[in-house]
Structure formats: structure tokens, C-alpha cells
Amino acid sequence: MLDALDILLQANFWAATIRIATPLIFGVLGALLCERAGVLNLGIEGIFVAGAMSGWLAVYLGLPLWGGVLVAALVGAGFGLLHGLLTVPLGLSQHVTGIGITLLATSAAYFGYRVAFPNVGTPPRIEPFAPLDLPILGDLPFIGPILGQQTAFTVLAFACVGGLAFILGRTPLGLALRAVGDNPEAVEAQGLSVAGLRIGAVMAGSALMALGGAFLTLSAFNAFYFGMINGRGWVCIALTVFASWRPGKALVGALLFGALDAYQLRLQTITGGAVPSQIFLMLPYIFSIAALVLVARRADYPRALMKPYFKGQR
Amino acid sequence: MIRFVPRERTPLWLTVAVSIGSGLAALLLTAVPLALSGAPILDAFLLMAKGAAGDGFALAETLTRATPLIFTGLAAAVAFRAKLWNIGAEGQLYAGALATVALGAGLIEAPSYVLLPLVLLAAALAGAALLLVAVFFKSRFGADEVVVTLLMNFIVLLIVQMMLEGPMKDEMALGWPQSAPVLDEATLPKLITGLRLHWGLIIAIAAALLLHVLMSRTVWGFRIRAVGENARAARYAGLPVGRSMVLVGLLSGGLAGLAGASEVAGLKGYLTSDLSPGFGYAGIVVATLANLSPLGVIPSAIFIAGVFVGADSMSRTIGVSNYLADLVVSFSLLSVLIGGLLTRFRLVMVRREAA
């Protein structure tokens, strides 16, 4: 029992929490940006894979690490453009199109990897982002080791939380984006383009999702593995409802999830196989469903979410 | 600018032309990755066609692969008709498979005509129960069924892994995590000796016919469609929306559960945690290609199965990654989605009005 509590006092645990949360932060921010503009993006799981693969491949082919980050974002934006074109002006079912994007992005990434490396057993490695070397903060007790294990990529995730919160909450663009997911008629009455705003939001949101994937290959690991995304994208869709479409709460949700995941890993070693490991692996998903059920009644869905809007038509 | 004007009715020639056009578009798109991988494009397509339907053996393989896809395609079609977004057929399939081995691998001993129906019923109920939990969460708490059914896929797969490494592990399997084999009495017989094709296909086709009759000829089917088209209007008209949703949940989850039963009892004989290479998700594609029509699910499942079997055989011959199959399937889905617009809407050029 004491051992189980002792975990919470280890700097390692908190460092792992932040590391596990980072791709989720990008993913939830991306999903909530799309949904705030009225478009559900179930392409997220595939866009994660495509971002992980393309960012890693770019670095492997010689680009600097930040170049890989940029490539991943562009690839994500490309899939976002496709999803946006299909669902916004054409008004196709957002569920089905999203599943199609996931299938397309995943298979394109896997196929591309196999074309680039036909007969490679062990995945080729790259030199990933180095841990931060902080001048004063790094020397602090407890805090220092936690921060010292993170990379600049994680800093970018936290910066994106603040940036997106500022844009959505404090700028005219953010106001227009929120309105387009709540009341597109009003946006059109203002003389703004509903389609333009929605497609733009889906592209930017998908770029963020792809960064979540790229974090895995460029910072957490140093190679691309098949199946490495393993449902992280879907978890972000759940966390978006949990976060009530707010960037600040998205950060909290991702960190909670990360803590739960990091905790179960350590708890497994303590219980030493007395409890099947799958029980622990299930916890985050059960937690997600429980959280959804609890917040669903209060959930403040964007009112025009999943409703296609056609100019001049009611 | 271009405007979509809804069509009153769609002529049959257009539906056929659009399906063929979408298929051709998908093949054209597939030529791009094929060219990028340096494969001879025409040869690759010919090899794919040959691998999918070149001879009796290839055709039987395609139909074997189509069997679970018909079940999961029907599961998606009936749910989507009612706007119940069940993305959890993968988990429901595994729940059905789990029920199949739990009951069929020696728990009860009975002659085949008793045990086999029992096993199928248990599998359908297991799949249905899983989806009904999501339906309950949706109706009672307003929890989005997309997310709940998606997350349940992961939970069920973990339960399967836990069972296969624990209580259901077959000690004879030399440490490999797999279940004990189902009894002969719980096995679906082969359709043709020497081939893998089994009775699951017949059951799947029967299920499609039954679902077609149910949806088009009965009050239940009318209610399901009415709820899907406009739940609020249906409620206003006094239709039992809640009960219809339970029925949809039973049908959709049950069909996905049968997909698992048919794979275990008809093909593999035992359960492993890689029983399904994503049949649940592919079912969504199958249903969409079929425009959510139960009868259309049969050819659409055979087409998708053919793509997988053909691409597998082609990739073995000329060394192109078999992820190409997934690419063809996703291209097909997207082109059919766009093509579907042409059957439902008329494109009209409108002069841009002065703002």
C-alpha cells in the first residue's frame, strides 16, 4: 500500500506523466479546434500515424528535427484539407469520411514506409530531440529532474495550449471560429466564409494531430514502428468531450490520462504479475468512458457540430 | 458557382454508372502508389484480379474473406440507417468470438444441431450486449456512442488477451496465447471439401435477406428508418424511439458478434487475439459502398474481400507491400462517397449573385 503511494513522490513518475500526455495534448487540441468549428474529425487516428511516419522519414532523409516537425504538420494539414473538402462544401457524413481518412492515412504511411524500406527488420533510427538543459530550473530539487527529462517538443505542446486558448478566447478570428461551429448563419450574415473558416480550422487542427504523432517518433522514441499509435487518437476524441472543448481543460485531461497511464505501469511492477497486466491497460479506457458518462449531461457540444451548412440554404 | 440540387428520384443507369465510375476512379488513384513503388502497373492489376477471382480456389478464398465482412457490413448498415453510429463492431466481433469458445470448446457437450445454434445465439447476444451498454449510456446519460463504442473495442481486445493468457489459455498450444479448439459439434461445416469456404457464408447471406425484408417490409423496419431520418419527428409522431434503438442495438451488435462466431467456428477453430485484421472497421466501408442497403452489402463485401485477397496474392508475387489493399479500400470508400453525391444531387451551375 505504501509502495503504491510512494510512486507519487518519484520525480520519474511525473516526468513520465508529462511525456505520455504530450502527444495527447496535441491530439486533443487538434480535435477540439475541428469540433469547435463544427467538424468531427475521426481521421485523427490515421493522421497520428501519418505524422509519426512523415516527420520521422523527413529527419531520416536529412532534414533537421524541426524540419521534420514542419513536414508532419504539413502532411496533417493535407489530410485535414481532404477531410474539410469532403465534409464542408460536399457535406458528406463526417463519421464515415473520418474513418476513411484514418484508413487512408494509416495505409499510406505504412505503404510509404514499406516502399522506402522494403526489407528492413529493425526500424532505422534517428537522433531524437535531446532532453532540455535548463540553467536554473534544472538544478531545483524534484522539479529539476522532471523538467530535465522533457524536450523542446513538449514545450511546444504547452505553448500550443496557451496559443490556442488565446486565439479562441481573445481574438476576432477565435470568435469567428467558435461562431462557425455554433451558428454558421450568423457568420455568413457577417459576410465571412463559413466554408473557408471550417476548412481552415480542420487543416490547422489536423496539423496539430500530426504533431502528436511526430512527437512519438521524434522525441519519445527514435524510430517508426507499426501499430505505435495504438488508439491514442481515439482517446483524444474522448478527452475532447471531457475537456468541454476548452484548451485549458484539454491540458488537464491529457495530464490526468498520462498520470493514470504512468501510474498503472509502475503499479504493475509492484504487484509483480499478481494482477493481469491487461487490467491495468484497460484502466485508461474505462476511465475515459466513465468520464464521458459523467460529463455527458453537462457537455456543451458546439451546436452546429456535424451539421453541414450550405450557403443560402436552411 | 456550382450548387447541389436534391434529385426527386435517381435513375437506375446513373446509380450503376456512378458505381462503375467510382471503382475506376479508385483503381486510377491506386496506380499512383503502385507507380511510386516501381511496380509494373498493368501487371499488378492483372495479378490482383487473378488472385481474387482467377480460379475456383481464388474465388473460394475471396468468399471466405467476404463472410465476416457481410456480417460487419450489415451491422454497420442497420445501425447507420438509424443514425446509431456504432464504430464498435470490432469489439463486438471479439465479444462474439469469446462467447463462441467459452461455450463451444467443451463447456457443454451436445449434438451439433443443439450446440451450434446455441453457440451462434450466445455470440450474437454477447455482441449485442456490448452495443446495448453504449445505447444505454447514450439514452440515459447522453454519452456519445461514437466514442463509447470506439473505446470499448480496446477494452474487449484486452479482455480477450487476458483470457487467452489466463483462464482460457490452451495448455496444448506450446505457450502460444490461444484458446482451446471448439468441439467438432460446434464447428460450422465446410461448404466444399478441400476448401476453407464454410457455412458461415450461407448464414451471412440469409442474414442479409432477412434484414432486407425486416427493413423494407415490416413496421419495425419502418420505425428504424423513421428514427434515423428524423428522431424528433418520429418521437412527435408517437413512435417508440427508445425501443427502436434497443432493437437496432440488438441487430447491429448481434450481427457483429456473429462475425466473430463465424470466424472461430467456421474458419480458425480457436480464438487468438489477432482473429480480425480490422473486419469491424472494414464493415463501415462495406456498408457505405452498399449505400446502407442490406442486399447491397453482399456484393460490396465480396468486392472488398477480393481487393484484400487479390492484393495479398499480388504482393507475394511482385513484392509490393500488401498495405496496398488498405489503400485501394480507402480510395474506393472516398470515391464512392463522392460518387454518391451525384446520385443524390444534381449539379447545377448558378451565376454568382452580386454580393
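Since this is a predicted model, take the numbers as computed values, not measurements. Each chain gets a letter, A, B and so on, in the order the sequences are listed, and its residues count up from 1.
Contacts with chain B were tallied for A:Ile99, A:Leu90, A:Val115; A:Leu90 has the most, counting heavy-atom pairs under 4.5 Å. Comparing B:Leu36, B:Val320, B:Asp144 by heavy-atom pairs within less than 4.5 Å of chain A, the highest count is held by B:Asp144. Per-residue counts of heavy-atom pairs under 4.5 Å with chain A were compared for B:Leu333, B:Val146, B:Leu334, B:Leu150; the largest is that of B:Leu150. Contact count versus chain A (heavy atoms, under 4.5 Å) is highest, among B:Phe137, B:Trp85, B:Tyr281, for B:Trp85.
For A:Pro89, the part lying under 4.5 angstrom from a heavy atom of chain B is the backbone only. Both the backbone and the side chain of B:Leu324 come within less than 4.5 Å of a heavy atom of chain A. Neither the backbone nor the side chain of A:Phe280 comes within less than 4.5 Å of any heavy atom in chain B. Contact of B:Ser37 with chain A is made through backbone and side chain together, with heavy-atom distances under 4.5 Å. No part of B:Asn322 comes within reach of chain A, as not one of its non-hydrogen atoms sits under 4.5 angstrom from that chain. With a 4.5 angstrom heavy-atom cutoff, A:Leu92 touches chain B only via side-chain atoms. Looking at A:Ile289, the atoms closer than 4.5 Å to chain B (heavy atoms on both sides) sit in the backbone and in the side chain alike. Only the side chain of A:Ser93 comes within less than 4.5 Å of a heavy atom of chain B; its backbone N, CA, C and O stay farther away.
With a 6.0 Å radius and a threshold of 12 heavy atoms from other residues, nucleotides or ligands, A:Arg246 has its CZ atom at or below the threshold.
Applying the salt bridge (Lys or Arg N to Asp or Glu O under 4.0 Å) rule to A:Lys249 yields no partners; only residues at least two apart in sequence or on another chain are considered.
Screening B:Ile155, B:Leu157, B:Leu158 against A:Leu281 for a side chain to side chain contact (heavy atoms under 4.5 Å, CB included) leaves a single residue, B:Leu158.
Side-chain contact between B:Tyr323 and A:Tyr113 is absent, with no heavy-atom pair separated by less than 4.5 Å.
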